[in-house]
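Below is one structure, written out as structure tokens; the observations come after it.
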Amino acid sequence: MQSQYRVVAGLGNPGKRYEGTRHNIGFMVLDRVAAHYGISLASEKFGTVFGRGRIGDADVFLAKPMKYMNLSGPPLYAFSTWFRLCNREIVVIHDDMDLDFGRIKIKEKGGSGGHKGIKSVSDVFGGGDFVRIRMGIGRPDPGMEVTDYVLGKFRPDEIRDLDAFLEKGRDAVETVLCKGAKEGMNVFNRNS
């Protein structure tokens, strides 16, 4: 049986200025997945940096839309359309302030939850019928602007646990691709 390609997209902001920021955790997890499975993110098409490879039995594209977060949808849509993939074949990794740092939740479909990158993806695909891997970054301290928080670097106590958190994100991607979103929800939504 021929396997169907999936797209795993990490959301973030392009450029050195945003490297290592909370909003770029989608990029960071995707980099972990690429390194672990030997998938080179060296190609570019439609404003998306991508690589093609295999994770378990799944043929995958790993993709980073290289527009700012709130414009992530159009390049991902153009990329997916070119390869004849629909939104149900997409897994999106993104930061989530509604989850404490270190928590992961997998969601099969739904609204944007106020996340502008997810809203952009949902808008261009005509709905939220795609899997999300939500990486918890927690909320800012009272009085701190949300923008400053999400575009800020991780605190020292978070950096200590960041490596394990990114590895857990990589495991979540593998579980969703190889065992399905429902199994991923069973494992990660409770245990993280």
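We number each residue from 1, following the sequence as shown. All heavy atoms count here, side chains included; hydrogens, waters and symmetry mates do not.
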With a 4.5 Å cut-off on side-chain heavy atoms, are Arg160 and Asp157 touching?
yes
Before you tell me yes or no, could you show the steps for His23 and Asn13 under side-chain hydrogen bond (donor to acceptor under 3.5 Å, both in side chains), namely the whole-Å CA-CA distance, both residues' side-chain angles and the distance that decides it to 0.1 Å?
CA-CA 7 Å; His23 225 17; Asn13 286 313; 4.8 Å; no
Taking Arg155's backbone N and O only, do any of them form a donor-acceptor pair with Glu158's side chain (distance below 3.5 Å, no angle check)?
yes
Here the gap from Ile93 atom CD1 to Met28 atom CE, rounded to the nearest 0.5 Å, amounts to 12.0 Å
Using 30° and 60° as the class boundaries, would you call the ring planes of Phe101 and Phe165 parallel, tilted or perpendicular?
perpendicular
Rounded to the nearest 0.5 Å, what separates atom CZ in Arg6 from atom OG in Ser80?
11.5 Å
Are any non-hydrogen side-chain atoms of Val33 and Ile55 less than 4.5 angstrom apart?
yes
Run the ring pair (Phe, Tyr, Trp, His ring centres under 6.0 Å) test on Phe83 and Tyr5 for me, step by step, so that the C-alpha distance in whole Å, both residues' side-chain angles and the decisive distance to 0.1 Å come before the verdict.
CA-CA 9 Å; Phe83 288 107; Tyr5 267 95; 7.8 Å; no
May I ask whether Leu71 and Phe79 are part of the same hydrophobic cluster, defined by side-chain heavy atoms of I, L, V, M, F, W, Y residues being less than 4.5 angstrom apart, directly or through others?
no
For Gly73, is there any backbone N or O sitting under 3.5 Å from a side-chain donor or acceptor partner on Ser120?
yes
Please test Leu177 against Val8 for side chain to side chain contact (heavy atoms under 4.5 Å, CB included), starting from the C-alpha separation and ending with a verdict.
CA-CA 9 Å; Leu177 291 174; Val8 180; 3.9 Å; yes
Shortest non-hydrogen separation from Phe154 to Leu162 and the atoms involved:
CD1-CD2, 3.8 Å
Using side-chain heavy atoms (C-beta onward) and a distance below 4.5 Å, is Ile39 in contact with Phe61?
no
Is there a donor-acceptor pair under 3.5 Å between the side chain of Arg22 and the backbone N or O of Tyr149?
yes
Does the side chain of Arg32 come within less than 4.5 Å of Glu167's, by heavy atoms?
yes
Of all heavy-atom pairs between Leu99 and Ile104, which one has the smallest distance, and what is that distance?
CD1-C, 4.4 Å
To check you understand the geometry: which heavy-atom pair defines the closest contact between Leu76 and Pro65, and what is its length?
CB-CG, 4.3 Å
Contact check, side chains of Val29 and Ile133, non-hydrogen atoms, under 4.5 Å
no
Yes or no on ring pair (Phe, Tyr, Trp, His ring centres under 6.0 Å) for Phe27 and Tyr18, after CA distance, side-chain angles and deciding distance?
CA-CA 10 Å; Phe27 279 5; Tyr18 300 104; 9.9 Å; no
Side chain proximity check, Phe46 to Pro74, heavy atoms < 4.5 angstrom:
no
Neighbour count above 12 (heavy atom, 6.0 Å) for Lys182 NZ:
no
Donor-acceptor contact present, side-chain Glu19 to main-chain Lys16, <3.5 Å
no
For Gly102, is there any backbone N or O sitting under 3.5 Å from a side-chain donor or acceptor partner on Lys168?
yes
Kindly indicate whether the side chain of His94, heavy atoms from C-beta on, has any atom under 4.5 Å from the side chain of Ile118.
yes
Hey, are the side chains of Arg170 and Leu166 touching, using non-hydrogen atoms and a 4.5 Å cut-off?
no
What's the verdict on side chain to side chain contact (heavy atoms under 4.5 Å, CB included) for Lys64 and Asp31, showing C-alpha distance, side-chain angles and the deciding distance?
CA-CA 10 Å; Lys64 290 181 182 177; Asp31 288 340; 2.7 Å; yes
Looking at Asn24 and Gly12, would you say the former's side chain and the latter's main chain have a donor-acceptor pair under 3.5 Å?
no
What closest approach, in Å, do Ile106 and Ala172 show between heavy atoms, and which atom pair accounts for it?
CD1-CB, 4.2 Å
Please name the pair of heavy atoms, one in Gly56 and one in Cys178, separated by the smallest distance, quoted to 0.1 Å.
CA-SG, 3.9 Å
Does the side chain to side chain contact (heavy atoms under 4.5 Å, CB included) test come out yes or no for Asp95 and Met135, once each step is laid out?
CA-CA 5 Å; Asp95 61 299; Met135 304 290 294; 5.5 Å; no
Where the side chain of Arg52 meets the backbone of Asp59, is there a donor-acceptor pair that is under 3.5 Å apart?
no
Please evaluate residues Arg139 and Asp98 with respect to the criterion salt bridge (charged side-chain N to carboxylate O under 4.0 Å, His left out), reporting the C-alpha separation (whole Å), side-chain torsions for both, the decisive distance (0.1 Å), and the verdict.
CA-CA 7 Å; Arg139 290 212 162 266; Asp98 290 331; 2.6 Å; yes
Ser72 side chain vs Met69 backbone, donor-acceptor pair below 3.5 Å
yes
Hey, what do you get for CG (Leu85) to OH (Tyr77), rounding to the nearest 0.5 Å?
12.0 Å
Worked verdict on Val150 versus Thr21 for side chain to side chain contact (heavy atoms under 4.5 Å, CB included):
CA-CA 7 Å; Val150 297; Thr21 62; over 6 Å; no
I'd like to know if the side chain of Arg132 reaches the main chain of Phe130, judged simply by a donor and an acceptor atom lying under 3.5 Å from each other, with no hydrogens or angles considered.
yes
Shortest non-hydrogen pair, Met97 vs Val146, comes out as CE-CG1, 3.7 Å
